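Shown next, in structure tokens, is the structure this report addresses.
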Amino acid sequence: MKRNEELNKLANTQEWDFIIIGGGASGLGSALDATSRGFKTLLIESHDFAKATSSRSTKLVHGGVRYLAQGDIGLVKEALKERGLLAQNAAHVVKNQSFIIPNYTWWGGIYYKIGLSIYDFLAGKLSLGRTQYISKSKTVSKLPTIEQKNLMSGVVYQDGQFDDARLAINLAQTIIEKGGSVINYLKVINLLKNASGKISGVLAEDQFTQKQYEIHTKVVINATGVFTNDILNMNNPKHGKLVVPSQGIHLVLDKSFLKSDDAIMIPKTSDGRVLFVVPWHDRALVGTTDTLLENESFEPRALEEEINFVLTTARQYLSKKPTREDVKSVFAGLRPLAAPEGEGKSTKEVSRSHKVITSDTGLVSIIGGKWTTYRKMAEDTINKAMEIHKLGITTSKTENLSIHGNMKADLVDRSSHLYVYGSDIPSIKKLQESNPGYSEKIHPDHPFTVAEIVWAVRYEMAETIEDVLARRVRMLFLDARAAIDSAHKVAVTIAEERGLSQEWALQQEKEFIELAKGYLLIPYSPKTINLN
């Protein structure tokens, strides 16, 4: 996964079969589906892979208990099947996670036991385990930090949990291994059309060098999530708004607020959503919200009312009450929802089912959906593209396609933070041993090593400090202050690895620190050293 090598392919390829715009879940999935069917496929992303929505999820691979409550059985059944397939195809980043619903009414335990037993049944042979009713004392023993006042019982069910940005990188690696091409920081600035008005390619600009590329193709797929309307408007300026962004935020707390390997699921909150407290990389991830926004952004910011809602709700259910000072990092993500049909409909009521839409110019767009169903979304997208562009009949190969890094679930050692690298672990350990400096920690409070920076630059197309600390080792999302303190070491390492100047490193450091401050609730002030 070397960016220069991928850029060189542009000059050596006269016409592609597919150009996929967008390096998030739906784009990567579509590129892998097309590549594995034998099509000459190029994916281009204007920023880094999974920069926007696809690195900012609740880290759940799930059928959607909320959608079951809404009666959307079809979506739940599809998502549960995809959850099972993903657990098989990427066992190193996806794991079985126990969730506990604490019940504060006598009937809650019965109600959720019945509902979640249906959830298990819909999963069929891909079920991750049976739902159980447990007593108050058992609930407390499993969740020592749960609020015990008026607690009656608990219901335990199984779902999936994963690292979203790591999976995105692994999908990009798999695409290249299967003969496709992926390039980050290459932005589509226009669509090319032939004499009959059909799309024949894209004009793209390298975001580092400003060099422009005319790239020709048979099919263009618009898989840009919350930015779908931008490409649709490029295709037809009079196009209506098909996607609306709905924001969800997450707060990251120290593990002491959970003290359990089990996650907590609060099924009903004051805004009608569920709230999760999930163990993730030795922290507690709390979220989420559902706030309709007017405009999309690559760096959305948590609103004050969202932060207050998550903290207030968490305090109701945790014996250790979190405050703003306890928040290690706050991040916001945007859901690319199909625009609600009808006035006054909230985004909570909009189905998370995906839609594939086609334009008379031949542009194919995938809208809606969620991480769990990314593979099925991709399959449907490529099927539709093949149909309207008359590319013959080739069936999808991804249902049982092993993703880069995959290994048998029982061989994954989750006691080591390196588990997300899967089959690449021996190579990273070898890299650590090759240079004494590579085995050093990036930050004393976190297990990540300098070798992981080098690995990300050499083999995972990481170009900036943010790429490394936000999406390759996740430190920005886990502990923003630690990420800021680590910026200098990461900048120096990247500069050394790629032969870049000290000026580049200083500018990178400055830009990253400014960005990372937005992940803090308490203003950042550099550590002062007393020289006396």
Side-chain angles (χ1 to χ4, degrees), residues 57-63 65 83-84 86-87 90-103 109 112-113 116 119-120 123 127-148 151 153-164 166-167 250-267 274-288 314 317-320 322 326 328-329 372 407-422 425 445-448 473-475 477-479:
S57 72
T58 313
K59 323 304 174 197
L60 303 182
V61 181
H62 63 136
V65 174
R83 178 191 72 176
L86 193 47
H92 61 303
V93 286
V94 178
K95 72 183 183 80
N96 191 338
Q97 175 67 56
S98 293
F99 289 78
I100 300 177
I101 299 177
N103 300 302
Y112 292 114
K113 169 72 168 72
L116 286 160
Y119 192 65
D120 297 340
S127 171
L128 299 180
R130 292 181 64 182
T131 295
Q132 294 177 297
Y133 174 90
I134 57 174
S135 66
K136 174 183 177 177
S137 60
K138 189 76 183 285
T139 303
V140 173
S141 71
K142 281 181 164 290
L143 296 174
T145 59
I146 198 72
E147 176 55 65
Q148 296 183 36
L151 181 67
S153 64
V155 171
V156 186
Y157 74 98
Q158 305 302 128
D159 232 328
Q161 198 243 14
F162 79 136
D163 187 308
D164 47 12
R166 287 299 327 168
L167 178 59
H250 296 85
L251 306 182
V252 178
L253 303 171
D254 188 80
K255 188 70 188 292
S256 62
F257 286 89
L258 188 58
K259 285 186 183 171
S260 175
D261 291 330
D262 297 303
I264 302 171
M265 197 272 260
I266 310 302
V274 299
L275 190 88
F276 292 98
V277 185
V278 184
W280 187 61
H281 290 310
D282 214 32
R283 293 286 187 276
L285 182 75
V286 190
T288 182
Y317 294 94
L318 297 175
S319 57
K320 185 178 179 182
D326 296 311
K328 297 281 187 183
S329 187
T372 305
M407 55 198 295
K408 287 184 178 176
D410 55 358
L411 297 178
V412 181
D413 176 15
R414 297 193 192 277
S415 66
S416 164
H417 81 281
L418 291 175
Y419 76 86
V420 292
Y421 292 97
I425 293 172
D445 296 344
H446 293 268
F448 313 115
V473 301
R474 312 315 309 269
M475 197 192 291
F477 285 67
L478 294 165
D479 187 342

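Everything numeric here is computed off the predicted structure, so don't read it as measured data. In this chain, numbering begins with 1 at the start of the sequence shown.
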*Side chain of Q148, backbone of S319: donor and acceptor closer than 3.5 Å?*
no
*Output yes when a side-chain donor or acceptor of Q97 lies under 3.5 Å from a complementary backbone atom of D261, and no otherwise.*
yes
*How many angstroms lie between atom NZ of K142 and atom CD1 of I100, to the nearest 0.5 angstrom?*
5.5 Å
*Would you please say whether a donor-acceptor pair under 3.5 Å links the side chains of S153 and N103?*
yes
*Taking atom NZ of K138 as the centre, report whether more than 12 heavy atoms of other residues, nucleotides or ligands fall under 6.0 Å from it.*
no
*asked:* Suppose we screen for ring-ring contact (aromatic ring centres under 6.0 Å, His included). Which residues come up paired with F99, at least two apart in sequence or across chains?
replied: Y157, F276
_Within the structure provided, determine whether D326 and D254 are in side-chain contact (heavy-atom separation under 4.5 Å)._
no
_Could you tell me if the side chain of I264 sits less than 4.5 Å from the side chain of L318, heavy atoms only?_
yes
*asked:* Can you tell me if R130 has over 12 outside heavy atoms packed within less than 6.0 Å of its CZ?
replied: no
*Is it true that atom NZ of K259 has more than 12 heavy atoms of other residues, nucleotides or ligands lying nearer than 6.0 Å?*
no
*Partners passing ring-ring contact (aromatic ring centres under 6.0 Å, His included) against F448 (at least two apart in sequence or in another chain)*: H417
*Are any of the side-chain heavy atoms of Y119 and H62 separated by less than 4.5 Å?*
yes
*Please say whether the positively charged group of R283, taken as NZ for Lys or CZ for Arg, lies over the ring of F257, i.e. under 6.0 angstrom from the six-membered ring centre and within 45 degrees of the axis.*
no
